[in-house]
Number of protein chains: 2
Amino acid sequence: MARPKFADADFLDAALAIAAERGPLAVTIGSITERLKAPVGSFYHRFASRDVLLGELWLRTVLEFQQGISAALDAGDGLGAALHTPAWVRGHLDEACLLLLYHRDDFVQGGWPSSLRDGVAAQTARMEGGFARFARLVFGRSGRDELRRAQFLLAEMPVGAVRQHLLRREPPPPIVDELIRITYRAVVDDYHASRSR
Amino acid sequence: MARPKFADADFLDAALAIAAERGPLAVTIGSITERLKAPVGSFYHRFASRDVLLGELWLRTVLEFQQGISAALDAGDGLGAALHTPAWVRGHLDEACLLLLYHRDDFVQGGWPSSLRDGVAAQTARMEGGFARFARLVFGRSGRDELRRAQFLLAEMPVGAVRQHLLRREPPPPIVDELIRITYRAVVDDYHASRSR
DNA sequence: ATCGTTCTAGAATAATTATTCTAGACGGAT
DNA sequence: ATCCGTCTAGAATAATTATTCTAGAACGAT
């Protein structure tokens with residue numbers, strides 16, 4: 001037996017597959033090591049605890065997801081940012097199940113490990129920053145009402161539209177993009193119409 | 001000590017409170033009996049298992065929620081059906097957390113108890129029937145596209161709009177109803193516009 | 001008053017999991 | 001050739017939970 005029979009990413013990937021199939025609760029040290037045919041010692045050699053593993057998995061996934069939205073906002077494409085959700089889901093079914101079907105806190109059993117606190121806080125900040133950027137881009141300012149609409153158009157509504165398909169583990173059909181487009185236009189138009197009243 | 005020191009509903013209510021506060025996972029026989037100061041024997045005297053208790057809780061809650069939507073549809077009020085979600089949430093914060101923040105299967109650990117299978121199947125049928133009724137009411141027919149839009153307007157979108165407020169356990173503000181109204185009108189109008197093209 | 005059913009009461013049991021611990025293998029540096 | 005740090009290996013430990021079991025109390029019917 002040589003040195004590296006397994007890699008850190010192997011454990012993360014196994015956890016991802018299990019979480020996507022049977023939910024975060026089914027991710028146990030036992031189910032991971034069984035799937036990988038690795039001894040539990042090898043697991044604990046790399047990760048301090050189950051919470052650290054699952055926390056890292058969630059973080060790595062959410063950061064990847066957010067990047068696409070950031071890119072669309074950088075390009076000044078508000079609608080593209082809203083449509084990023086169905087697009088990303090199509091290319092990352094497992095990751096999407098993880099991210100969009102569960103809460104952050106369904107993963108860690110105890111609180112968040114202190115080693116990940118900063119990462120989580122940074123993630124939250126980046127997300128709120130994204131809403132604010134979107135609000136300024138599309139509405140011209142980022143007050144309470146604008147931020148609320150941004151969150152609806154960028155997160156709540158697209159995730160809702162995609163959810164049932166994730167539950168069936170199937171890629172969202174084109175009608176989903178259509179619904180997002182319709183809603184996007186309506187909320188943006190309504191905003192500007194109400195401003196000029 | 002007399003006969004009925006506790007009622008069945010006491011256990012269900014305790015479970016509801018715990019689930020709303022700390023999630024369905026925190027609902028253990030221990031946490032229930034501790035909150036109620038009841039012995040575990042009294043619990044098992046009434047419920048065959050934890051899964052039966054939580055299954056019944058979910059079922060009783062979802063049926064109550066659905067009634068309001070059915071009533072609106074009976075009255076021919078499609079928009080009212082869509083707005084039922086925020087309205088109901090305001091009057092039933094705990095129940096709403098239970099229903100809208102988690103999946104059905106987050107409650108039962110094993111499969112659904114056979115005693116509840118029929119109830120769950122009936123619930124699903126009623127829900128799908130509701131979508132079909134809505135589709136016929138608002139779109140005039142209930143084909144694939146119409147059903148998809150019905151589900152979006154009646155379930156996915158309103159639930160999405162309400163979710164962040166539930167996470168903070170606060171009643172959804174008026175802007176939520178406004179967003180639902182805007183989206184409702186846009187999706188309905190788009191449908192009829194696309195038909196006449 | 002006695003009996004049986006319905007409950008209360010909580011200790012005992014079992015199963016599942018995370019985590020820790022002890023042993024030993026490999027391969028490069030000395 | 002020996003030694004050491006990095007890993008593999010999996011048994012042992014501990015904690016948490018659901019569930020079962022045994023005892024006994026209260027009330028209504030007889």
Side-chain angles (χ1 to χ4, degrees), chain A residues 1-19 21-58 102 105-116, chain B residues 1-19 21-58 102 105-116:
Chain A
M1 310 289 158
R3 282 291 192 43
K5 195 164 171 182
F6 310 99
D8 290 20
D10 291 339
F11 291 91
L12 288 166
D13 292 341
L16 167 63
I18 295 166
E21 275 169 28
R22 300 186 285 140
L25 218 80
V27 180
T28 67
I29 311 301
S31 67
I32 291 173
T33 54
E34 183 187 22
R35 171 180 281 255
L36 227 51
K37 279 161 191 11
V40 302
S42 292
F43 173 84
Y44 279 97
H45 182 69
R46 291 155 216 277
F47 299 93
S49 69
R50 174 186 182 277
D51 283 353
V52 167
L53 169 87
L54 280 169
E56 282 186 12
L57 176 60
W58 185 84
Y102 303 95
D105 302 343
D106 290 339
F107 293 86
V108 295
Q109 293 283 46
W112 276 77
S114 55
S115 59
L116 298 178
Chain B
M1 310 291 160
R3 284 291 191 44
K5 196 166 171 184
F6 310 98
D8 290 19
D10 291 339
F11 290 91
L12 287 166
D13 292 341
L16 167 63
I18 294 166
E21 274 169 28
R22 301 186 284 139
L25 219 80
V27 180
T28 66
I29 311 301
S31 67
I32 292 173
T33 54
E34 182 186 24
R35 172 181 279 254
L36 228 49
K37 278 159 193 6
V40 302
S42 292
F43 173 85
Y44 279 97
H45 182 69
R46 291 157 217 278
F47 298 92
S49 70
R50 176 186 180 275
D51 282 353
V52 166
L53 169 88
L54 280 170
E56 281 185 13
L57 177 61
W58 185 85
Y102 303 95
D105 302 342
D106 291 338
F107 293 86
V108 294
Q109 293 282 48
W112 277 78
S114 54
S115 60
L116 299 178

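Every chain is numbered from 1 and lettered A, B, ... according to where its sequence line falls, protein lines coming before strand lines. Values below: all heavy atoms of this structure, side chains included; hydrogens, waters and symmetry mates excluded. Everything quoted here is computed from the prediction, not taken from an experiment.
Separation of atoms CD (A/E56) and CZ (A/R46) is listed at 12.5 Å; rounding is to 0.5 Å.
Not counting sequence neighbours, A/R22 has no partner by the side chain to side chain donor-acceptor pair (under 3.5 Å) test.
Following rounding to the nearest Å, B/H45 (NE2) and C/dT8 (C1') show an atom-to-atom distance of 9 Å. Per the geometry, CZ belonging to A/F47 stands 15 Å off C1' belonging to C/dA18, to the nearest Å. The CZ-C1' distance, from A/F6 to C/dC26, rounds to 15 Å in whole Å. Protein atom CG of A/D10 is 14 Å distant from nucleotide atom C1' of D/dT8, rounded to whole Å. For B/L53 and D/dT19, the CG to C1' distance is 14 Å, given to the nearest whole Å.
Which of D/dT8, C/dA9, C/dT19 sits closest to the side chain of B/K5 comes down to C/dA9. Proximity note for A/V40 (side chain, C-beta onward) versus D/dT6, C/dT8, D/dG10: the nearest is D/dG10. Side-chain atoms of B/Y44 lie closest to D/dT19 of the nucleotides D/dT19, C/dA18, C/dA9.
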**Message:** Please evaluate residues B/W112 and B/W58 with respect to the criterion side chain to side chain contact (heavy atoms under 4.5 Å, CB included), reporting the C-alpha separation (whole Å), side-chain torsions for both, the decisive distance (0.1 Å), and the verdict.
**Reply:** CA-CA 11 Å; B/W112 277 78; B/W58 185 85; 3.7 Å; yes

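In terms of modelled atom types and a separation under 3.5 Å, the side chain of B/S31 and the main chain of B/A26 share a donor-acceptor contact. Counting only distance, with no hydrogens or angles, the side chain of B/S42 and the backbone of B/A38 share no donor-acceptor pair below 3.5 Å. Between the B/R35 side chain and the B/F11 main chain, no donor and acceptor come within less than 3.5 Å of each other. For the pair A/D13 (side chain) and A/D10 (backbone), a donor-acceptor distance under 3.5 Å is absent. Of the possible donor and acceptor atoms, none in the side chain of B/D51 sits under 3.5 Å from a partner among the backbone N and O of B/V108.
Residues from residues 23-38 of chain B that place a heavy atom under 4.0 Å from any atom of DNA chain C: there are none.
The heavy-atom pair separating B/F6 from B/P39 by the smallest distance is CE1-CD, 4.1 Å.
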Protein-nucleotides 14-16 of chain D N/O pairs closer than 3.5 Å?
none

